[in-house]
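Computed from a predicted model, the values in this text were never measured in an experiment.
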Amino acid sequence: MGEGLSFSFTEEQRAFQASIRQLTEDKIAPRAQEIDATDEYPWDLDELLVKNGFAAVSYPEEHGGAGGGAVELCILVEEISRASAGVSLIPAVNKLGAIPVLLHGRPQQKTMVCEGISEGRHRMSYCLTEPSSGSDAAAMKSRAVEDSDGWVLNGSKRFITGAGVADLYTYFAVTDPSAPKGKGITAFLLSQDMPGFSLGRKEDKMGIRGAPTREVVLEDCRAPRESVIGEVDQGFQIAMRTLDFSRPTIAAQALGIAQGAFDVAVDYCKERQQFGSPVSAFQGLQFMFADMAMKIETARLAVYRAALAVDDEASDLPYWAAIAKCYASDVAMDVTTDCVQALGGYGYVRDYPVERFMRDAKITQIYEGTNQIQRVVLARHLFGG
């Protein structure tokens, strides 16, 4: 499974995990139900993450970040997701937007993004999906045309997490319509204050509430030449590589959702009395919880194996990232559904958080590449093509 593979965190990683767990229990968990109910972005918690240095995690020190890598980011996202999947998207979506710049951007772009996110001056979103192109991302309609003053962009993106909160956007557009499909696309680093940039409607979602999801609309949006990330016409490769690097983070979110629901259900079943005994004494439920524990622990191994592949920039990263994202999100859906069942009628009402965890789990099977697409990625790795 790879050289140097460790099944335990370092002392430093454990200390980091303990610090974010404490902050989550003290500050994030008490707000989770309210954030879900109001669907309002928790600026106070965003600023708290910045103040405590967590916004800087996984950004290189040479560009103004705190250092650490994908393992540390996955720890951060898993721990926050145990209380609130919506809040966990604050660091996750910033990093998703930043990955193209970190991988292919110029030094000035990297410093602006890393310092800005770490210090809370910038927040980022990633603009790939369009109304008519989701899984088939290469079929995008957004266009960018170069003129004497730079670039003019037109198009719209759909389901953009963080839109409206973010001020910087990684945006993909076709720059060579005559090129073979997927070959004539370029990545741009755009700012919300560029002329022609606007936001469309905000989506009303079943889960991950408190994390805004909106349309991004460009109408003759003017961007300077230096807004290009990497090489012109090489953007689709950047987009796909970015998803390989970010999928373990979504897997960590799914893992945290599953663990959070599981912990609530275990405590409930220890206390809940039926037929003169705690529900946890009944073998039918014990076996259900044993199955959930096996799934969660196996998902945890997959998540951190994929995170190591990111940190090693391993050649088989797409394989491990697809396994982690697909398996952990399927586990999250299975586990949260069983946790609702374990709580019975109480699982179905909003007084208990398991129904929220179940709603939050569903999106992890869909975004950053549906689980059907993950299986396509795995099949190509196995059989070629």
Passing option when P278 is tested against E271, Q273, R272 for side chain to side chain contact (heavy atoms under 4.5 Å, CB included)
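So the option named by the test is Q273.
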Could you report the tightest heavy-atom contact between V50 and S118, atom names first, then the distance?
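Answer, listing the atom of V50 first, then S118: CG1-O, 3.7 Å.
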Regarding [X] and [Y], do their side chains bring together a donor and an acceptor under 3.5 Å, going by distance alone?
X    : Y    : result
T249 : K95  : no
E78  : Q259 : no
Q253 : S88  : yes

State, with a plain yes or no, whether a side-chain heavy atom of [X] is found less than 4.5 Å away from one of [Y].
X    : Y    : value
V266 : D263 : no
T161 : F159 : no
L308 : V71  : yes
E215 : I160 : no
F172 : S142 : no
T170 : M124 : yes
T242 : L96  : yes
I90  : P42  : yes

Listed once per pair and sorted, the salt bridge (charged side-chain N to carboxylate O under 4.0 Å, His left out) pairs that draw on [range], sequence neighbours left out:
range            : answer
residues 241-251 : R241-E313, D244-R247
residues 365-376 : D330-R375
residues 339-352 : R350-E355
residues 171-199 : D136-K181

Quick one: do [X] and [Y] make a salt bridge, cutoff under 4.0 Å?
X    : Y    : value
D167 : R121 : no
K110 : E62  : no
R158 : E130 : no
E203 : R201 : yes

Does [X] reach the main-chain N or O of [Y] with its side chain, forming a donor-acceptor pair under 3.5 Å?
X    : Y    : result
T186 : D233 : yes
T370 : I373 : yes
T111 : Q108 : no

Derivation and outcome, side-chain contact (heavy atoms from CB on, under 4.5 Å), residues F357 and C339:
CA-CA 9 Å; F357 284 120; C339 287; over 6 Å; no
Give me the ring orientation class for Y346 and Y268: parallel if the planes are under 30° apart, tilted from 30 to 60°, perpendicular past 60°.
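The arrangement is tilted - the two ring planes meet at 30° to 60°.
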Using the ring of each side chain (for Trp, its six-membered ring), is W151 parallel, tilted or perpendicular to F188, with breaks at 30° and 60°?
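Geometry flag for F188 against W151: perpendicular rings.
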Give every residue pair that meets the side chain to side chain donor-acceptor pair (under 3.5 Å) criterion with at least one member in residues 38-55, sequence neighbours excluded.
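Only R31-D44, Y41-D46, D46-R123 qualify under side chain to side chain donor-acceptor pair (under 3.5 Å).
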Nearest-0.5 Å distance that lies between atom [atom1] in [X] and atom [atom2] in [Y]:
X    : Y    : atom1 : atom2 : result
R143 : L218 : CZ    : CG    : 13.5 Å
W320 : R305 : CH2   : CZ    : 5.0 Å
L102 : S58  : CG    : OG    : 8.0 Å

Please name all residues satisfying salt bridge (Lys or Arg N to Asp or Glu O under 4.0 Å) with E25, sequence neighbours left out, ordered by chain then number.
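Partners of E25 under the salt bridge (Lys or Arg N to Asp or Glu O under 4.0 Å) test: none.
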Between [X] and [Y], is the gap from one ring center to the other below 6.0 Å?
X    : Y    : value
Y304 : F9   : yes
F54  : F16  : yes
Y126 : Y171 : no

When you look at R14 and E11, which way does the salt bridge (charged side-chain N to carboxylate O under 4.0 Å, His left out) test go after all the steps?
CA-CA 5 Å; R14 288 194 181 283; E11 276 190 42; over 6 Å; no
Heavy-atom count check: over 12 atoms from other residues, nucleotides or ligands less than 6.0 Å from Q13 CD?
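Enclosed.
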